[in-house]
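Have a look at the structure below, then the notes.
The shown structure was predicted, so the numbers you read here are calculated from the model rather than taken from an experiment.
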Amino acid sequence: MIEKKIGGAGLRGQVAGKTALSTVGISGSGLTYRGYDVKDLAANCSFEEVAYLILYGALPTAAQLADYQGLLKTQRGLPAALREVLERIPATAHPMDVMRTGCSMLGNLEGEASFDQQLQKANRLLAAFPSIICYWYRFSHDGVRIETETDDNSIGAHFLHMLHDESPKDLHVQVMHSSLVLYAEHEFNASTFTARVCASTLSDLFSCITGAIGTLRGPLHGGANEAAMELIERFSSSDEAERELLGMLKRKEKIMGFGHAVYTESDPRNEIIKGWSEKLASDVGDDLLYQISVRCEAVMWREKKLFCNADFFHASAYHYMKIPTKLFTPIFVMSRLTGWAAHIFEQRADNRIIRPSAEYTGPELRQFTAINER
Ligand code: COA
């Protein structure tokens with residue numbers, strides 16, 4: 001009999017495969033992409049530079065980056081059939097469902113004919129995702145059919161431009177670069193693992209990414225930044241935040257944006273996005289939400305030794321840039337697509353179908369009885 005080893009709940013701490021893409025919690029400040037510390041990347045690189053690193057394996061030269069930005073710019077347009085589908089999705093839909101449908105529909109229209117097209121298709125999705133979410137959002141909420149082929153150089157600027165109908169200020173473009181860099185890749189998290197499981201069946205890229213979007217949607221994963229916003233906007237002062245938080249902890253409620261399955265003392269991404277949130281607060285001349293967030297961070301650490309993960313200060317940062325709360329998690333998709341795609345490529349390059357076993361907890365073998373004898 002084959003002896004089966006049973007891991008802890010949620011497969012915590014189990015090695016489920018190999019990757020050369022990132023390390024979480026074991027080197028540098030706690031997160032590296034292809035050997036580079038995320039702090040160096042977030043401080044020095046555009047998102048497109050990091051997307052190139054993740055997808056192509058090396059940081060681009062200036063010429064390669066210019067070419068890559070140019071390529072992505074040409075891929076922003078949406079086919080008429082996809083626009084029609086987006087126009088039929090109601091304003092009440094969850095934007096993550098829109099992303100999921102948009103990705104799936106594009107797979108119907110421009111599917112991956114062979115794995116030789118994987119990089120081309122990943123770049124197409126990278127360029128198209130901001131267009132998909134903004135086209136739906138502006139049509140369903142403002143009744144306008146926007147032009148998705150803007151002249152903005154970066155994905156972040158392109159997104160803000162379509163959303164707000166004006167070119168974004170430099171500070172906002174910088175925050176988007178940093179935010180997208182921070183969200184780009186994170187080893188075997190739930191959505192990436194979903195993508196790899198799907199890829200291991202030799203399915204197509206669009207199916208793998210559609211599944212990953214569905215997984216990221218949950219509040220225990222990507223949805224935490226929206227949940228964090230819904231929490232902090234309820235408070236009108238830091239003192240009220242502290243009082244309410246203490247009550248929630250007493251009632252054993254989960255506070256979204258805190259804790260992590262792998263990091264034990266801090267999330268390296270938090271310090272960076274927190275810095276941007278503070279800068280944005282001073283730029284708008286209203287730091288209430290930032291101060292409330294800082295108080296929540298202090299209370300959670302004092303009471304539970306729980307620290308902010310990447311999502312918590314993203315909530316105030318995005319809010320200061322006037323991004324509607326329900327679009328927070330789709331921004332995560334726009335970025336994490338790079339990590340998902342690179343993991344899919346990696347899985348395909350050395351594939352064996354992912355098929356773990358289960359510990360059986362059901363009844364012993366028993367006698368079958370025909371329906372008329374039960
Ligand atoms: N608020 C309150 N308590 C929390 C908490 C939070 N955000 N995160 C963890 N805890 C508590 C757990 O309830 C558990 O308490 P218990 O031992 O009394 O049951 C303890 O801390 C240990 O945490 P655990 O649930 O084992 O961590 P995990 O690895 O299973 O889950 C998360 C990790 C991220 C899913 C979890 O921290 C969480 O749900 N956070 C909120 C959602 C979130 O921000 N997700 C984004 C992740 S990047």
Look at Glu346 together with Lys18 and state whether they make a salt bridge at an N to O cut-off of under 4.0 Å. no

Under the ring pair (Phe, Tyr, Trp, His ring centres under 6.0 Å) definition, can you give me all pairs with a residue in residues 57-110, not counting sequence neighbours? Tyr52-Tyr68, Tyr56-Tyr68

List in chain and number order the residues that pass side chain to side chain contact (heavy atoms under 4.5 Å, CB included) with Ala58, two or more places apart in sequence or in another chain; answer none if no residue qualifies. none

Quick note, ring pair (Phe, Tyr, Trp, His ring centres under 6.0 Å) partners involving residues 195-239, not counting sequence neighbours, are none

Contacts of Asn351 that satisfy side-chain hydrogen bond (donor to acceptor under 3.5 Å, both in side chains) - sequence neighbours left out: Gln347

Could you pull out the closest heavy-atom pair between Ile272 and Ser178, with the gap in Å? CG2-OG, 3.6 Å

Sub-4.5 Å side-chain heavy-atom contact between Glu297 and Phe307: no

With Asp152, which residues qualify under side-chain hydrogen bond (donor to acceptor under 3.5 Å, both in side chains), at least two apart? Thr150, His161

Atom of Gly257, atom of Asp311 and distance for their closest heavy-atom approach: CA-CB, 4.4 Å

Quick check: do Thr148 and Met162 have side-chain heavy atoms less than 4.5 Å from each other? yes

Is there a side-chain contact between Met321 and Met176 (heavy atoms, below 4.5 Å)? yes

When you compare the side chain of Leu31 with that of Thr23, does any pair of heavy atoms fall below 4.5 Å? no

Can you check whether Val175's main-chain N or O pairs, donor with acceptor, with Ser179's side chain at less than 3.5 Å? no

Show the nearest heavy-atom pair for residues Thr338 and Leu55, with the distance to one decimal. O-CD2, 3.7 Å

Enumerate the ring pair (Phe, Tyr, Trp, His ring centres under 6.0 Å) contacts for residues 330-357, please, sequence neighbours excluded, ordered by first and then second residue. Tyr183-Phe332, Phe188-His343

Hydrophobic clustering (ILVMFWY, side-chain heavy atoms < 4.5 Å, transitive) - are Val144 and Leu82 grouped together? yes

Salt-bridge present (Asp37, Lys39; N to O < 4.0 Å): no

Does some side-chain heavy atom of Leu306 sit less than 4.5 Å from a side-chain heavy atom of Trp301? no

Distance to the ring centre below 6.0 angstrom and angle to the axis at most 45 degrees; does that hold for Arg348 and Phe115? yes

Would a 4.5 Å heavy-atom cut-off, applied to side chains only, mark Met248 and Leu231 as touching? yes

Could you give the distance from CG (Asp40) to OG1 (Thr32), rounded to the nearest 0.5 Å? 11.0 Å

Of all residues at least two apart in sequence or in a different chain, which pass the side-chain hydrogen bond (donor to acceptor under 3.5 Å, both in side chains) check with Arg374? none

Between Glu242 and Arg302, is the closest basic N to carboxylate O distance under 4.0 Å? yes

List the steps, then state whether side chain to side chain contact (heavy atoms under 4.5 Å, CB included) holds for Ile209 with Phe129. CA-CA 12 Å; Ile209 301 295; Phe129 271 158; 4.0 Å; yes

Check Pro79 against Leu109 and note the closest heavy-atom contact, atom names and distance. CG-CD1, 3.8 Å

What closest approach, in Å, do Pro60 and Leu65 show between heavy atoms, and which atom pair accounts for it? CB-N, 3.8 Å

Using 4.0 Å as the upper bound for N to carboxylate O, is an ion pair formed by Arg124 and Glu110? yes

Does Glu271, at its CD atom, have more than 12 non-hydrogen atoms belonging to other residues, nucleotides or ligands within less than 6.0 Å? no

Can you check whether Glu187's main-chain N or O pairs, donor with acceptor, with Asn189's side chain at less than 3.5 Å? yes

Excluding sequence neighbours, so at least two apart, what forms side chain to side chain contact (heavy atoms under 4.5 Å, CB included) with Pro324? Tyr137, Leu163, Leu327

Strictly distance-based, threshold 3.5 Å: is any side-chain N or O of Glu87 a donor or acceptor partner for the main-chain N or O of Glu84? no

Do Glu240 and Arg234 sit within salt-bridge range, that is, some charged N less than 4.0 Å from a carboxylate O? no

Will you find, in the side chains of Thr215 and Ser191, an N or O donor that is under 3.5 Å from an N or O acceptor? no

Apply side chain to side chain contact (heavy atoms under 4.5 Å, CB included) to Ser207 and list each qualifying residue two or more places apart in sequence or on a separate chain. Cys198, Ser203, Asp204

Using the rule that Ile, Leu, Val, Met, Phe, Trp and Tyr join whenever any side-chain heavy atoms are under 4.5 Å apart, tell me whether Val50 and Leu119 fall into a single cluster. yes

Answer yes or no: is there a donor N or O on one side and an acceptor on the other, between the side chain of His164 and the main chain of Lys322, under 3.5 Å? yes

Within a 6.0 Å radius of atom NE2 on His319, are there more than 12 heavy atoms belonging to other residues, nucleotides or ligands? no

Would you mind reporting whether Leu72 and Glu48 have side-chain heavy atoms less than 4.5 Å apart? yes

Applying ring pair (Phe, Tyr, Trp, His ring centres under 6.0 Å), which residue pairs with at least one partner in residues 256-284 are found, sequence neighbours left out? His186-His260, His186-Tyr263, Phe258-Phe312, His260-Tyr263

To the nearest 0.5 Å, tell me how far Leu171 CG sits from Ser282 OG. 8.5 Å

Tell me the closest heavy-atom pair linking Ser293 and Phe313, and the distance in Å. CB-CE2, 3.4 Å

What residues, two or more places apart in sequence or in another chain, satisfy side chain to side chain contact (heavy atoms under 4.5 Å, CB included) together with Arg100? Asp97, Thr210, Ile213

Should Arg269 and His314 be marked as a side chain to side chain contact (heavy atoms under 4.5 Å, CB included) after you check the CA-CA gap, both sets of side-chain angles, and the distance that decides it? CA-CA 10 Å; Arg269 301 167 298 181; His314 258 108; over 6 Å; no

Using a strict cut-off of less than 4.0 Å between a Lys/Arg side-chain nitrogen and an Asp/Glu carboxylate oxygen, indicate whether Lys305 and Glu265 qualify as a salt bridge. no

I want to check something: taking the side chain as every heavy atom from C-beta on, are Tyr33 and Ile54 in contact at a cut-off of under 4.5 Å? yes

If only atom types and distance count, is the side chain of Thr101 paired as donor or acceptor with the main-chain N or O of Val98 below 3.5 Å? no

Go through the steps to decide whether Tyr320 and Leu289 satisfy the test side chain to side chain contact (heavy atoms under 4.5 Å, CB included), and finish with yes or no. CA-CA 9 Å; Tyr320 283 131; Leu289 210 55; 3.5 Å; yes

Side chain of Ser266, backbone of Pro268: donor and acceptor closer than 3.5 Å? no

In this structure, would Met256 and Met300 fall into the same cluster of hydrophobic residues linked by side-chain contacts under 4.5 Å? no

Any side-chain donor paired with an acceptor under 3.5 Å for Glu49 and Asn44? no

Arg83 side-chain N/O to Ala81 backbone N/O, donor-acceptor pair under 3.5 Å: no

Evaluation steps, side chain to side chain contact (heavy atoms under 4.5 Å, CB included), between Glu149 and Lys73: CA-CA 8 Å; Glu149 299 192 58; Lys73 267 168 96 166; over 6 Å; no

Holding to side-chain hydrogen bond (donor to acceptor under 3.5 Å, both in side chains), I want the full list of residues that pass it with Asp239, two or more places apart in sequence or in another chain. Arg295

